[in-house]
Amino acid sequence: MSAILILAVFVAFAALMYARKLPAIVAVPAMAVIMALVAGVHPASLGAIVVDGASALSRAYVAVIFGALLGRVTLDTGIARAIVNLAAEYGGERPFAFALVLCAIVAVLFTSLNGLGAIIMVGSIVLPIMMTTGVPRTIAATLFLMAFALGFIFNIANWTFYTTFFGVTEQEIVRYAIVLAIVDALALVTYASFAFYREREYAAWSQPAPEKERSVPWWSLVTPVLPILLYYAVHMDATPAFALSAIYGVLSTRPLRAVPTLVASAIRGVEDVAPAVVLFMGIGMLLVATKEPQFASALHPLVAGGWIRNPLAYVAVFGLLSPLVLYRGPLNPYGVGIAIFTVLLATHAVPPLVLVAAVMAVVQVQNVCDPTNTQNVWVANFTGVPIMTITKRTLGFQVSVAIVATIAVVSATQPLLGVRAFASLVPPVLAQELFPGMQSPPSAAYRVAVDDDGTPLGREGADAVVTALSGGSLRAFRMHDDPDARDCSRKPYAAYVRVVTSEFTLIEGVDFDVGLILEDCGGWVVNEWHDHEIVSQPDASEAQALADQGVARWLRWNAATPDVSENLYHIGVAMSAQDAPRYFYALYKTDDGNMRAYVRAGGPAYDAGMRSGDVIEKLDGKDWWEYGTYQTEARAYDGKPHSFEISRNGATIDVQLAEPFRV
């Protein structure tokens, strides 16, 4: 019921934003509070949601503010105009080639510029130059927005939002960003080619081309790209990179007026991005709200079943349905769509990097085509092009970008993002092909290896187990092995039984215990049975008798669980078709304070690279102790594709779970 109410709130606010009755900066924080209430969050927690949420993304919007400072410095000192005018000198009589040159300049500028003010200032320079050199106004408007979106792929203030919100690093997404930029650039060139071919009438422009202002030193022209160099080359954080670049910009152009220029740029920069900052605060509130246990529990059905890990569903939702990003819709990360992404992130439906890739794909549609964007409204008014014309002309190209980008993600997740996240399209019945070491070979069917603990009475008990099983459907034989040491592909048994003994001295005598520990072919414990008796002194006959009792209880378990036991003895895996998919690993804390893993040989976690005894350093990007001991251990059984940073023999290894095993 809570999920239905949350969706109702979601739809109501989406409709209000679609109808432009309520702006996103009001709708998103209001949605966070109301959704939390209908999810069952106590009203006393609302204050924490608002206060903590307002600062949750502070790192992101501080970077946006400093990016706006740099943008204003670049614009007010004439650096941006000089760059564009430099390109204009080579425009000549070839409007098509010249338009592409200007698009490249705009893309480079918006790798660091941010906010509506930057759009207005750059557009006021670029658009008149385009139109006075023979570029039709409709093409000029659409190409300008497509170039802006192309550069914004690498905008480091925007990347700060990704790294803060999703907990990823810049290095992890740069390869995908390059691929996305190539696809986006191809779409821009393709659109320009078709548009220039179809439109032969050049629009008149009554305003003359802007006059050149006083020149700026050539060395100041690197100012817009300087933060990119600092960010990638020396791994400087976005905020100081913006600040140092702004200081360099004013010192290289107006050294005698550096301080007043910086102050004025800071004030106007804050004004430029104030709506974005308020929106980030609202997004942070929604993020904090969705982390409440009641909220996550209510919305869990949205991601139940692992639909997002189906590659076809991923492409369909974030590629084909990417127009749902328009009007601050359900896929818009700067609108109501942030709820969907926060739920997917909180439930670990897929690795965070895969969600970032989805966001970056749909944002290519939003940045160019959304009629509610302030940049679209300004460009449409400035060029005299109807705003819906911009949407109609660009939507097909930008949706194609999103589709190609999502196809690239699902087809090359490992090389692009360094993780494995998607379920195979191979049907579940072919699970033996997905995990060839998971199941025992056909020759091992119904064969059970019986081992002992190395004690004389343990050996007597193991011999008794083999004898008790003789003549039945199970073929038991004695063997000493470590089932967890290797996968099941070549093992001579489907199940493994370990007979262990223990003795405790009491006043009445010795409490003698014989236990049968049943494991599958990979060393995963299935069940165990213990029988004990108080005797004066344990001997072989008592060990054999207690072992026989254990076998009797074992056989009763077989009869009570026919589906599970049949699969255990047939393929070496104790699961039924009704069981939830599993990764077959466990986490436990040892006396030295470390969190360690126990991994079933040949299973999905084993296949992903995890081994028994590995020390868990981080889980889903956080230190495991941030979750707590019990909460960390419980995550091994939630069926989610968690990511790990583990230590093994002094080396640090990253492990990303992918497809679980199912019968």
List, one per line, each side-chain donor-acceptor pair under 3.5 Å for residues 313-325, sequence neighbours excluded.
{"residue": "Y314", "atom": "OH", "partner": "V354", "partner atom": "O", "Å": "2.9"}
{"residue": "Y314", "atom": "OH", "partner": "A358", "partner atom": "N", "Å": "3.2"}
{"residue": "S322", "atom": "OG", "partner": "G319", "partner atom": "O", "Å": "2.7"}

Assign the ring pair W554 / W529 to parallel, tilted or perpendicular, where the plane angle (0 to 90°) is split at 30° and 60°.
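Ring orientation, 0 to 90° scale: parallel.
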Distance check, rounded to the nearest 0.5 Å: [X] atom [atom1] versus [Y] atom [atom2]?
{"X": "E633", "Y": "Y627", "atom1": "CD", "atom2": "OH", "answer": "14.5 Å"}
{"X": "L518", "Y": "N527", "atom1": "CG", "atom2": "CG", "answer": "7.0 Å"}
{"X": "T413", "Y": "Q656", "atom1": "OG1", "atom2": "CD", "answer": "10.0 Å"}
{"X": "Q366", "Y": "L331", "atom1": "CD", "atom2": "CG", "answer": "11.5 Å"}
{"X": "E617", "Y": "T652", "atom1": "CD", "atom2": "OG1", "answer": "6.5 Å"}
{"X": "E626", "Y": "Q631", "atom1": "CD", "atom2": "CD", "answer": "12.5 Å"}

Identify the residue among N158, T164, T160 that makes a side chain to side chain donor-acceptor pair (under 3.5 Å) with Y162.
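Result: among N158, T164, T160, N158 is the only option passing the side chain to side chain donor-acceptor pair (under 3.5 Å) with Y162.
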For [X], side chain to side chain donor-acceptor pair (under 3.5 Å) partners two or more places apart:
{"X": "Q364", "answer": "none"}
{"X": "D482", "answer": "none"}
{"X": "R490", "answer": "none"}
{"X": "Y606", "answer": "none"}

Is it the case that the side chain of [X] and the backbone of [Y] share a donor-acceptor pair, with hydrogens and angles ignored and the cut-off at 3.5 Å?
{"X": "T111", "Y": "G151", "result": "no"}
{"X": "K491", "Y": "R486", "result": "yes"}
{"X": "N567", "Y": "M575", "result": "yes"}
{"X": "Y493", "Y": "M479", "result": "no"}

Residues that [X] engages under salt bridge (charged side-chain N to carboxylate O under 4.0 Å, His left out), provided they are two or more places apart:
{"X": "R596", "value": "D592"}
{"X": "R648", "value": "D614"}
{"X": "D563", "value": "none"}
{"X": "D451", "value": "R498"}

Could you pull out all residues at least two apart from A412 that satisfy side chain to side chain contact (heavy atoms under 4.5 Å, CB included)?
P415, L416
Is it true that F644 and Y585 have ring centroids separated by less than 6.0 Å?
yes
Salt bridge (Lys or Arg N to Asp or Glu O under 4.0 Å): pairs with one or both residues in residues 358-367, sequence neighbours excluded
none
I need the full list of salt bridge (Lys or Arg N to Asp or Glu O under 4.0 Å) pairs touching residues 567-580, with sequence neighbours left out, sorted by first then second residue.
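Matches after skipping sequence neighbours: D579-R582.
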For H530, I'd like to know if atom NE2 has over 12 heavy atoms of other residues, nucleotides or ligands within 6.0 Å.
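Buried by this count: over 12 neighbours within 6.0 Å.
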Work out which heavy atom in M360 is nearest to a heavy atom in W159; give both atom names and the distance.
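Nearest heavy atoms, M360 then W159: CE-NE1, 4.3 Å.
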Given C521, which partner from the list M438, R600, Q439 fulfils the side chain to side chain contact (heavy atoms under 4.5 Å, CB included) test?
R600
